[in-house]
Amino acid sequence: MSNFFSDSASPSNLSEFTVSELSGSIKRTIETAFDHVRVRGEISGYRGPHSSGHAYFALKDDKARIDAVVWKGSFSKLKYRPEEGMEVIATGRITTFPGSSKYQIVIEQMEPAGAGALMAMLEERKRRFAAEGLFDPAAKQLLPFMPKVIGVVTSPTGAVIRDILHRISDRFPVHVLVWPVKVQGEGSGDDVANAIRGFNALPLAGNIPRPDVLIVARGGGSLEDLWSFNDEAVVRAAAESDIPLISAVGHETDWTLIDYAADMRAPTPTGAAEMAVPVKAELQAQVAGLSARLQGAISRQMDNRRQGLRALTRALPSLDQLLALPRRRFDEAAAGLGRGLEMNTMAKRRHFERAAARLSPDMLARRLMERRQRIGERMMLAERIVERLLERQKARLGRFDASLTAIPARLKGQTERARDRLESLGRRADGAVVSDLRRARAAIAAQDRVLQSLSYMNVLKRGYAVIRDGQDRPVSRAEGLGTGEAIAIQFADGRVQAVTGDTATTAPAKPSPKAAARKTEQDPDNQGRLF
């Protein structure tokens, strides 16, 4: 280094350094000269810890600026967390960053620059939390009048917990759960916040009973001693608590941010215990007084009701007066009951005789005969239909049988394996034919039933007839026929030939020679025209 800083006039006598050597030499010089410094300045550019856990920001005053870094291990040990615009006194060492020729301070400890800075930071936090609604009075919860379980967040070794337990036991002994925490020093704010959230996370029906009210308590002290209860995590945990929370931090003149976020503030821890539970003796005296008043009111009410009942009893009619009219109605109804039964019996007998007069053995026999005839006709028709279907199926089966009989002749000469396969196919074919015959019979039977229901022959059997012209076409209207035309009249049991006449006059029209000849041939007895 002495050669490097030589004042020789000849540049050729200077030693040559690489950039890395020069940067390393500067780094060692600065770290040796400024290995432990205290710097006062205002935090600038702080955006919270990096994802790696390190924190990067700058310290500045009105004339200069220096970069700062807090490594992850030191950040977790800081008593006061860095905040943007906060004036602090940082203790650490100066180092350089050769990659960009910059120097920075590596902070190991940090504290606010005096009580004035703490108060300014406290006011700034108070304004910010109030703007977020953490101190909103509308969000405050009412304390339960008679809690069964009280949760206390405080130090287990101080006088605070003893005062709280003593006051609760004097006023109204209940179950008290203590969550031990540090109330001062590094990490105390996180302990208090975790305790509040832990009580809220307890299940309602778990092994550990869930408190009905929480008390966060600490004895008095300086602003620095009570600073943990100004921590952002503590304030947010108190504001988010579903369990009503009483803040009892410090003495009556000591105010912290948790006092604004809590549902109720107590001037002292003893005052918090008094707010949490009522006085049992006073409640017992009040209950006894109310019980005596209730007994007196019940006695007076019973006397009033008893007097009113006596007055109502005197105004009521006697039993004979109440039953006189119903008795008379009952006697009149009983006297007319026999006559009513006789008249009802006579009316039923007349109705039965009228119904019996309409019935006779001859009528029943005639109806039975008609039903038997209808059933016989239907059975004969069904037998004929079945016979025709069976004949058709037998013929079809015969054709199938003939075709199946010819198969062995054509397959003669095949191997034994082919014969076995043929026999198997024959058996399957027989089954298929039988199944097909069954389906065909069922289909034919269904179609025959439909055909019979739609056939005009059933209409002819009821006395109607079908008129056909000379070309055997049905004639549906009289205007379609002329005079002297040959027609055929079809009845249910056959056809009758006829010749049309003139319906306009009473005298018969003279038939044409052709029609006369046809009539002579068809009617040798010459009995005259039908129309």
*Mind running side-chain contact (heavy atoms from CB on, under 4.5 Å) on Arg293 and Leu290 for me, showing each step along the way?*
CA-CA 5 Å; Arg293 293 177 58 186; Leu290 293 175; 4.2 Å; yes
*Output, in order, the C-alpha distance, side-chain angles, deciding distance and verdict of side-chain contact (heavy atoms from CB on, under 4.5 Å) for Phe97 and Val69.*
CA-CA 12 Å; Phe97 184 62; Val69 60; over 6 Å; no
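- Shown here are the side chain to side chain donor-acceptor pair (under 3.5 Å) partners of Thr313, two or more places apart in sequence or in another chain: there are none.
- Not counting sequence neighbours, the partners of Arg47 by the side chain to side chain contact (heavy atoms under 4.5 Å, CB included) test are Glu84.
- Among pairs with a residue in residues 229-247, those fulfilling side-chain hydrogen bond (donor to acceptor under 3.5 Å, both in side chains) read Glu132-Arg236, Asn200-Ser241, Glu232-Arg236, Ser247-Asp259, at least two apart in sequence or across chains.
- Listed for the Asp263 side chain is no donor-acceptor partner under 3.5 Å among the backbone atoms of Lys140.
- No more than 12 heavy-atom neighbours from other residues, nucleotides or ligands sit within 6.0 angstrom of NZ on Lys60.
- Val39 is not listed as a side-chain neighbour of Ile107, based on a closest heavy-atom distance of 4.5 Å or more.
- Without hydrogens or angle criteria, Arg167 side chain to Ala273 main chain gives no donor-acceptor distance under 3.5 Å.
- Within the 4.5 Å cutoff, no side-chain heavy atoms of Trp179 are placed close to those of Ile196.
- With sequence neighbours left out, the side chain to side chain contact (heavy atoms under 4.5 Å, CB included) criterion links Arg28 to Ser25.
- Within the 3.5 Å criterion, the main-chain N or O of Ala432 finds no donor-acceptor partner in the side chain of Asp436.
- Of the residues listed (Val70, Ile94, Thr95, Thr91), the one engaging Ile105 in a side-chain contact (heavy atoms from CB on, under 4.5 Å) is Ile94, and it is the only one.
- Side chains of Asp191 and Ser228 form no contact here, defined as non-hydrogen atoms less than 4.5 Å apart.
- Within a 6.0 Å sphere centred on CD of Gln109, heavy atoms belonging to other residues, nucleotides or ligands number 12 at most.
- Residues Val235 and Arg125 are not in side-chain contact: their nearest non-hydrogen atoms beyond the backbone lie 4.5 Å or more apart.
- Under the salt bridge (Lys or Arg N to Asp or Glu O under 4.0 Å) criterion, Arg171 pairs with no residue at all, not counting sequence neighbours.
- Residues meeting the ring pair (Phe, Tyr, Trp, His ring centres under 6.0 Å) test with Tyr260, sequence neighbours left out: Phe135, Trp255.
- Counted by atom type alone, Ser424 and Arg428 present zero donor-acceptor pairs between their side chains at under 3.5 Å.
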*Arg306 and Asp303: salt bridge (Lys or Arg N to Asp or Glu O under 4.0 Å), yes or no, with the steps?*
CA-CA 5 Å; Arg306 191 178 292 109; Asp303 293 338; 3.0 Å; yes
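- No donor-acceptor contact under 3.5 angstrom links the side chains of Ser74 and Glu108, judged on distance only.
- Heavy atoms of other residues, nucleotides or ligands lying less than 6.0 angstrom from NE2 of His54 number more than 12.
- Looking at Arg210, its side chain never comes within 3.5 Å of a backbone N or O of Leu204 through a donor-acceptor pair.
- Formation of a donor-acceptor pair under 3.5 Å by the Ser299 side chain with backbone atoms of Gln295 is found in this model.
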